[in-house]
Amino acid sequence: MCSLRSPKTISPTSFWQISTLSTTNLIQDYIRDGNVNDARKLFDENLTSCNTIAWNSMITGHIRHNQMQSAHDLFDRMPVRDVVSWNTMLSGLNKTKNPHKLHQLFLQMNRAGERPNQFTFPTIISGFLNTFDVLVPQLHSLILHLGLHSNIFVGSALMRGYTHLHDHYSLCHVFDDILLKDISTWNALLVGYMDLGFTTEAQMTFNRMPEVNIISWTTLVDGYIKNKKINQARHVFDEMPQKNVVSWTAMIKGYVQQENYTNAIQLFISMLNSNTSPNHFTFSTLLDACAGFSMFLLGTQLHSCILKSGLSQELVLSTSLIDMYTKCGDIKSAFTIFDSMETKNTVSWNSIIGGCARHGLATRALSEFKKMTDENGVKPDHVTYINVLSACVHGGLVEEGEWHFREMVERYGIGKEMKHYTCMVDLYGKAGEVDKAVRLVKEMPFEPDVGVWGALLAGCGLHSCYEVANGLEKLGQNYSSIYNMFIKIHGEKGSWGRVVEMRDRVIKKQKGSSRVELSLGES
DNA sequence: ATAGGGTTAG
């Protein structure tokens with residue numbers, strides 16, 4: 001018969017165990033309530049008696065509050081790490097979107113002899129997507145080796161991985177390997193089929209699913225949109241038993257992509273009428289349309305809606321608004337929003353610098369860039385430099401442009417992309433240094449695209465470099481839109497025979513020309 | 001104490 005022990009019979013060791021246990025429980029309670037500070041205080045006070053569970057809980061608490069550095073410090077100081085400690089750290093790194101550190105920690109885990117389990121793989125696979133996609137089959141073989149392939153979470157992660165690799169066969173294979181499938185598993189198959197362009201298979205899958213939820217419906221709608229079948233998407237959308245903000249936004253986005261603004265706006269109004277509140281995704285999508293097509297009035301109306309909705313502090317939305325205002329020609333409003341932002345990220349700075357460049361405010365663009373990097377310590381990315389370089393183009397600042405072109409690589413390790421070369425070619429071309437532009441095109445590690453040719457020829461046209469343009473003619477003949485530039489140059493020279501010849505080629509080749517061609521040479 | 005599906009910005 002078991003009875004409660006009297007305090008007298010408790011030995012020092014069990015006392016120790018009890019106090020450890022209650023400390024651990026208290027820490028867990030604090031963390032569950034979102035109170036990291038008190039948890040940490042208790043943890044520090046009882047540091048020597050804390051067990052691995054207490055350490056792990058404390059790490060989880062820091063990660064939940066985005067205190068990755070504190071989490072890392074604790075992890076490094078831990079006397080004993082178990083698989084949960086490693087998994088928790090991995091998921092923390094995954095949350096902060098740091099694939100390289102994630103990769104390193106995973107390798108470290110293996111080196112330390114800790115065997116990954118069913119919690120490890122979903123985290124690392126999702127973190128590896130877009131960066132280490134190639135490792136998916138290797139991870140798969142490790143998973144098979146450890147006998148984790150039938151796990152539902154591991155399987156779903158693998159399905160996403162193979163979708164990214166466009167491996168239709170393995171996608172189905174992994175799906176079949178999952179023993180007990182739930183609705184998320186089926187949804188992952190839907191996404192996979194849709195992303196790989198198998199709309200029929202996706203529809204068939206949807207039809208034979210044991211149950212579907214609003215995510216399955218939305219996946220189907222979005223999948224049809226991604227595969228450019230807007231009418232099918234709308235058909236499914238109309239059939240939906242209920243809709244939420246995500247499904248409305250997906251459908252609106254579909255129309256925006258089709259440049260069907262009438263339907264997009266009508267749908268937005270129906271959405272409001274159905275008592276679904278738009279969120280920042282919805283507004284962002286609509287603002288993007290306004291920015292792309294200079295719909296200033298609609299843009300300002302959306303701005304009012306955003307102010308009323310209380311979403312105006314959202315970083316993404318402020319950035320979309322800045323972009324809309326600069327592209328609609330109202331740089332002043334753009335700055336008003338920009339200056340009122342509490343936190344700014346790289347994209348926010350990019351949109352204001354790009355806005356200045358577009359408005360010909362080269363000096364302002366460059367001073368904002370200085371503020372961004374030197375005063376605020378925000379790291380520029382490849383888009384920042386496209387904007388900085390195009391500001392230099394507008395200002396005719398050749399030497400400054402060259403300097404930034406070098407700094408980009410040497411100081412920030414950003415690789416030179418075609419767009420950056422296009423800016424430099426444009427910069428040299430406009431400044432009359434056509435020879436330098438030609439040299440740059442020749443030493444560029446890419447096949448020049450239509451933008452590079454356009455920039456180069458615009459430079460030739462501007463400075464009447466007949467000889468250079470003529471020498472380039474053969475090279476650029478795959479691009480029909482280039483011919484207009486030749487017509488101008490030949491015309492200036494009075495070579496009317498060549499003009500007529502070119503014009504004939506333009507007519508022959510320019511069938512189905514698009515907006516892109518009209519905007520040649522502007523970037 | 002740790003894990004997976006659908007819509008954002010240049």
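Residue numbers begin at 1 in each chain, while the letters A, B, ... track the order of the sequences. Just so it is clear, the structure is predicted and the values come from calculations on it, not from any experiment.
- Of the listed nucleotides (B/dG10, B/dG5, B/dT7), B/dG5 has the atom at the smallest distance from the side chain of A/S184.
- For B/dG5, the base is syn relative to its sugar; the glycosidic angle is within 90° of 0.
- Of the candidate nucleotides B/dA3, B/dA1, B/dT7, B/dA3 has the atom lying nearest to any side-chain atom of A/P122.
- Across the protein-nucleic acid pair, A/N56 atom CG and B/dT2 atom P stand 9 Å apart, rounded to whole Å.
- Here A/T285 lies out of heavy-atom contact (under 4.0 Å) with every strand.
- The side chain of A/K327 sits closest to B/dG10 out of B/dG4, B/dA9, B/dG10.
- Distance, A/L220 CG to B/dT7 P: 13 Å, rounded to whole Å.
- Here A/T88 lies in heavy-atom contact (under 4.0 Å) with sugar-phosphate atoms only.
- Remark: side-chain polar atoms of A/D339 are not paired, donor with acceptor, to backbone N or O of A/T336 under 3.5 angstrom.
- Regarding contacts with the backbone of B/dT2, every side-chain N or O of A/R81 stays at 4.0 angstrom or more from both OP1 and OP2.
- At a cut-off of 3.5 angstrom, counting only N and O atoms as typed in the model, there is no donor on one side facing an acceptor on the other between the side-chain of A/N187 and the base of B/dG4.
- The residue A/K243 sits apart from the nucleic acid: no heavy atom pair falls under 4.0 Å.
- Considering only side-chain atoms of A/I215, the nucleotide from B/dG5, B/dG10, B/dA9 that sits closest is B/dG5.
- Under a cutoff of 6.0 Å and an axis angle of 45°, A/K379 and A/Y412 do not form a cation-pi pair.
- If you check B/dG6, B/dT2, B/dG4 against the side chain of A/D182, the one that comes closest is B/dG4.
- Across residues 142-165 of chain A, A/I152, A/F153, A/S156, A/R160 each have a non-hydrogen atom less than 4.0 Å from an atom of DNA chain B (numbered order).
- Nearest to the side chain of A/Q28, among B/dG4, B/dG10, B/dA1, sits B/dA1.
- The interatomic distance linking A/M324 (CE) with B/dG10 (C1') rounds to 15 Å, in whole Å.
- Between the C1' atom of B/dG10 and the CG atom of A/L321 lies a distance of 14 Å, rounded to the nearest Å.
- Side-chain proximity of A/I214 to B/dA9, B/dA3, B/dG6: nearest is B/dG6.
- Remark: side-chain polar atoms of A/R81 are paired, donor with acceptor, to backbone N or O of A/F75 under 3.5 angstrom.
- Among the protein residues, A/N117 comes within range of no part of the nucleic acid, since none of its heavy atoms lies under 4.0 Å from any strand.
- Between the side chain of A/S309 and the main chain of A/I306, a donor-acceptor pair closer than 3.5 Å is present.
- Of the listed nucleotides (B/dG10, B/dT2, B/dT7), B/dG10 has the atom at the smallest distance from the side chain of A/V383.
- Results of the side-chain hydrogen bond (donor to acceptor under 3.5 Å, both in side chains) test with A/N56 over A/T88, A/N51, A/D82 single out A/D82 as the only residue that passes.
- Contact annotation: side chain of A/T219 to base of B/dG6, donor-acceptor pair absent below 3.5 Å.
- Across the protein-nucleic acid pair, A/L267 atom CG and B/dT7 atom C1' stand 13 Å apart, rounded to whole Å.
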Could you walk me through whether A/S348 and A/N345 pass side-chain contact (heavy atoms from CB on, under 4.5 Å), step by step?
-> CA-CA 5 Å; A/S348 337; A/N345 66 5; 2.8 Å; yes
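- The listed nucleotides are B/dA9, B/dA3, B/dA1; the one nearest the side chain of A/I53 is B/dA1.
- Across all strands shown, A/S348 has no heavy atoms under 4.0 Å from either base or sugar-phosphate atoms.
- By the 4.0 Å N-to-carboxylate-O rule, A/D29 lies close enough to A/R32 to be salt-bridged with it.
- Contact check, A/K419 against B/dG10: no side-chain N or O comes under 4.0 Å of OP1 or OP2.
- Listed candidates were B/dA1, B/dA3, B/dG6. Nearest to the side chain of A/R64 is B/dA1.
- Note on A/D323 versus A/K327: salt bridge recorded, some NZ/NE/NH1/NH2 to OD/OE distance being below 4.0 Å.
- Under a 3.5 Å cut-off, the side chain of A/H420 and the backbone N or O of A/E417 do form a donor-acceptor pair.
- Looking at A/N387, its side chain has no donor and acceptor atom pair within 3.5 Å of the base of B/dG10.
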